[in-house]
Protein chains: 2
Amino acid sequence: MRVTTRLPVAERRAQLVAAALDVAVAEGIAATTIRRVAEQAGVALGVVHYCFEDKDELFVALATQIVDDLAAAASGALEFDEDADLATALQCAINGLWDTIEAARGEQLLTYEITTHALRTPGLQHVATRQYEVSHAAAEALLELASSTTGAAWMRPVSELAGEVLAIIDGVTLRWLVDGDGAAARERLSSLASYLNTQAKPARRRRKVSA
Amino acid sequence: MRVTTRLPVAERRAQLVAAALDVAVAEGIAATTIRRVAEQAGVALGVVHYCFEDKDELFVALATQIVDDLAAAASGALEFDEDADLATALQCAINGLWDTIEAARGEQLLTYEITTHALRTPGLQHVATRQYEVSHAAAEALLELASSTTGAAWMRPVSELAGEVLAIIDGVTLRWLVDGDGAAARERLSSLASYLNTQAKPARRRRKVSA
DNA sequence: GTCTATAGTTGGATAGAC
DNA sequence: GTCTATCCAACTATAGAC
């Protein structure tokens, strides 16, 4: 299935990262070999080595890509009703977030594989760190949007709450990958939303504009 | 470093599982090859194939072993003060649990690797499932012990609470593996303890036997 | 029944062709 | 500058020796 078109290196890199992502999502990090990626992209083996110094560099590119993709998908799904109170806003936001997670099982599983692989590989810790930095920023954004939309004020530092939110979403997602029980996952996240609601001072009652 | 002693297969298996665990804890699942295990145990390569049908079977034995080991360590660390209220009992239990987690970084990381590897490998899902069954049972035991010791009554099914506890511990641990911040992890778990305390009806006041 | 020696497969990397 | 052909290392598995 080889198409012999010469391509500038930047475009090749993009193509190869996309191919690597396809393989990694479907078959896991362990199966994402240089050979397999070359095959998926329809190029010769050496082409991958020409575009990436070594396997680690390809891995870093792959990880960067999916982390950004998932963050974009998650924040794209964030919408709050106007005139909702904090409790409903949070339930709604977390529910929407879960929709995007549940729609991308392979990507989520890959996320954990990337973390452990990065932690085990000398010189690749920064990949795992970045995963959390990006997620943390997204979690903070969610919390701050919820607060500013509803007028409620967090009683603890948002960064601290974001850390807790992240941990719970992580744990719930991993559990879901194992047991496949989406309803249970949603209920666990719903408890999270309720908990968060206890960590804020409610908004001063605004005039309710009802239908 | 080969010692040429013949051994009954059961003992060899045990020795090899121990060796495999050593390697896996220190170097990760990907590095835990049949060759590496044979080397670690000081036996010839083929010996491993004689004791285990294939690599997957060795993996299953390894996973079973560490799951049981960690569960035993965790429940061994569970001790409650008599005459403590639920809030302190929970804080104390979760604190102790965290001690055992923090004392075994490699084992914890391995736990996540085992999960993802099992999920990615056809026919090995049951390994991941068992991890959660064992942990879930341990979490339920913790909750029930806390309740029976302090006389408090959970207002929701213990199984449901255990699911939430598990998810949070999982998420917090994974985060700690990445950022190494044990203090932050402890604080996140402390929030969990506080949350749990809101999910129970306090004990009827018992006569306080003070010092 | 237990272990050794060897075969066969897969994968990362490179020298050099175009 | 881009890609091909080839090398070498590491791994799983097995046939057969003791």
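Numbered from 1 within each chain, the chains take letters A, B, ... in sequence-line order. Computation of the quantities below employed the complete heavy-atom set of this structure, encompassing side-chain atoms and omitting hydrogens, waters and symmetry-equivalent molecules. Here the structure is a predicted model, which means the values were calculated and not measured.
Atom-to-atom, CG of B/L45 to P of C/dA7 comes out at 14 Å; the value is rounded to the nearest Å. Note: CD1 (B/I34) to C1' (C/dT10) measures 15 Å, nearest angstrom. Taking atom CD on B/E39 and atom C1' on D/dT12, their separation rounds to 16 Å, with Å as the unit. Following rounding to the nearest Å, A/D56 (CG) and C/dG11 (P) show an atom-to-atom distance of 17 Å. Spacing between atom CG of A/L16 and atom P of D/dC3 amounts to 9 Å, rounded to whole angstrom units. One atom, CD of B/E11, and another, P of C/dC3, lie 10 Å apart when rounded to the nearest Å. In this structure, A/R6 places its CZ atom 4 Å from C1' of D/dT2, rounding to the nearest Å. When the C1' atom of C/dA13 is taken as reference, atom CZ of A/R36 falls 20 Å away, rounded to whole Å.
Residue A/Y50 has no polar side-chain atom (N or O) positioned under 4.0 Å from OP1 or OP2 of D/dC3. Of the side-chain N and O atoms in B/H49, none sit less than 4.0 angstrom from OP1 or OP2 of D/dT14. Using a 4.0 Å cut-off, some side-chain N or O of A/R12 falls inside it from OP1 or OP2 of D/dC3.
Distance alone, capped at 3.5 Å, places no donor-acceptor pair between the A/Y195 side chain and the B/L192 backbone.
Side-chain contact between B/L70 and B/Q108 is present, with at least one heavy-atom pair separated by less than 4.5 Å.
Distance check, rounded to the nearest 0.5 Å: CG of B/L119 to CG of A/L174 gives 7.5 Å. If you take CG on B/L142 and CG on B/L196, they are separated by 8.5 Å, rounding to the nearest 0.5 Å.
In this structure, of C/dG12, C/dT2, D/dT2, it is C/dG12 that holds the atom nearest to the side chain of A/K55.
Residues B/V9 and B/R35 each lie close to DNA chain C; by heavy-atom proximity, the contact nearer the 5' end of the strand is made by B/V9.
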